[in-house]
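Convention: sequence-line order gives letters A, B, ...; per-chain numbering from 1.
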Amino acid sequence: MSDIIAELQWRGLVHQSTDEARLRELLNAESRTLYCGFDPSADSLHVGSLIPLLMLRRFQRAGHRPIALVGGATGMIGDPSGKSEERNLLSEEVLRENVAGLEQQMRLILDFDDAAAPAALVNNYDWMRGWSYLEFLRDVGKHFPVSVMMAKDSVKSRLERDDAGISFTEFSYMLLQAYDFAHLHREDGCLLQIGASDQWGNITAGIDLARRMSGAQLYGLTCPLLTKSDGSKMGKTESGTVWLSPRRTSPYAFYQYWINVDDADTGNCLRMLTEVERDEIEALDAARAADPGKRESQKRLAEELTRLVHGEDGLRAAQRATEIFFGAEIREFSDAQLGEIFADVPSCELPRERLAGDGLNLVDALVEAGLAKSKGEARRTIGQGGAYVNNRRTEGVETQLTASDLASESVMVLRSGKKKYALLRFVD
RNA sequence: GGGGGGUUUCCCGAGCGGUCAAAGGGGUCAGACUGUAAAUCUGAUGGCACAGCCUUCACAGGUUCGAAUCCUGUACCCCCCA
């Protein structure tokens, strides 16, 4: 067994741990089972869930058996940790769809067919739905001193706020998650729960419960929340969360997100989010210090993560789109290719007749495409050299666009400024 | 209840009865530079059929050849006194 704890430590992935020395011994002695819970409040995971999910993968690679738990039951209640407000409850149906979405993504990261230590996916709804309220109170609730529950940060911070408070439902959340751990220990011999640092309270609650119910000694390990050097959360852009699902965040946008990571954050990201070896990461650190402009680290980071989440094809598509977005003239593409590359770009449809005769005036085209709010603005943009047709700078307010300006069968690519694109589709 | 001050273009804010589409700053947008960065520099920034025309300065009226600027009323905001 390789020393997984040492590996996690140098990567900066250990935030808190219960009895680390003992845990290390146990993990190094033989293959163990561990789990991490994921919240099904959306049908896709986002960048923030990537660290814990990759942690499971790291454990699996070190020979341990990971269980990914989706909180079908706990998702119905809402985890108060890290939330400042009471959560809106999700319907069972939405929850079911979300769980299915998460499952798909977990299959990308974890190996469910490994011969020695296959990953498993469980849904706590499966064992939670059978409980009656009375039974649960008697068998589980009995082990929770309210004074301890009140002392948890997640609860305390909510009670201290004048404008929030906490419902009994969310207050009870901890019992459910604690029970998960006890349950997985009994059924699967699960020994360790991992999670982000905001899960510490829930994890220790589980450890306490298992000890009280069966005298078992379980372990917990948390990783830091991924934040940028300025303290803000990783994985957010102006346009919103960076998701793993290609339907929500295209491979191109995903790739670009990592390409644009700040120099100061790149080292951490490489350590915490990739499986690049220590030597290479340190070489990249040195290269970055010497010539930050080359951005080798960012490229490596984007490549690793895009390949992991979107596969080899997704990576290639993202890289090709990148070339186009920042590079050469667009000529002789097919509608399908352009559609793929410009998946995130707004488009609008115009009748094909607009290209006939004198054609379509560039000023009007920019307005139609939404790249200018008024014709005046369009003229200004053109006059200042900020208008591009198929990535070729086009000057002259009088320019008329005709069928010969199409980049593919029916699409014309307009651009204003450095990277604001819009497509015009000419339909019959 | 009494007295005073305010309401300007995306935001802050200057505006003499004509030369005001309205200073200045911020933001935004383009350009140069650059690392698809930061900083910096340059230009632009109500609309249009663009040497012209149209619509803006809380709202409605009025005075005037002419009003963002003066008067009256209305609404909202702020301050002081009770």
Parallel, tilted or perpendicular: which describes the rings of A/Trp258 and A/Phe254, with under 30° parallel and over 60° perpendicular?
perpendicular
Report which part of the nucleic acid A/Arg380 touches: base, sugar-phosphate, or nothing (heavy-atom distance under 4.0 Å, all strands).
sugar-phosphate
From B/U36, B/A44, B/C50, pick the nucleotide closest to the side chain of A/Arg379?
B/C50
Aromatic ring proximity A/Phe181/A/Tyr35, centre distance under 6.0 Å
yes
Is any side-chain N or O of A/Lys373 closer than 4.0 Å to OP1 or OP2 of B/C29?
no
Same-atom distance (C1') from B/C65 to B/A21, integer angstrom
22 Å
Sugar-phosphate only, base, or nothing, as touched by A/Lys294 at under 4.0 Å among non-hydrogen atoms:
nothing
Determine the contact category for A/Lys418: base if any of its heavy atoms lies under 4.0 Å from a base atom, sugar-phosphate if only primed atoms, P, OP1 or OP2 are that close, otherwise nothing.
base
Can a donor-acceptor pair under 3.5 Å be found between the side-chain atoms of A/Glu377 and the base atoms of B/U45?
no
Just wondering, are more than 12 heavy atoms of other shown residues or ligands nearer than 6.0 Å to CD in A/Gln104?
no
Sugar-phosphate, base or nothing in reach of A/Asp291, heavy atoms under 4.0 Å:
nothing
What is the nucleic acid contact for A/Arg393, judged by heavy atoms within less than 4.0 Å: base, sugar-phosphate only, or nothing?
sugar-phosphate
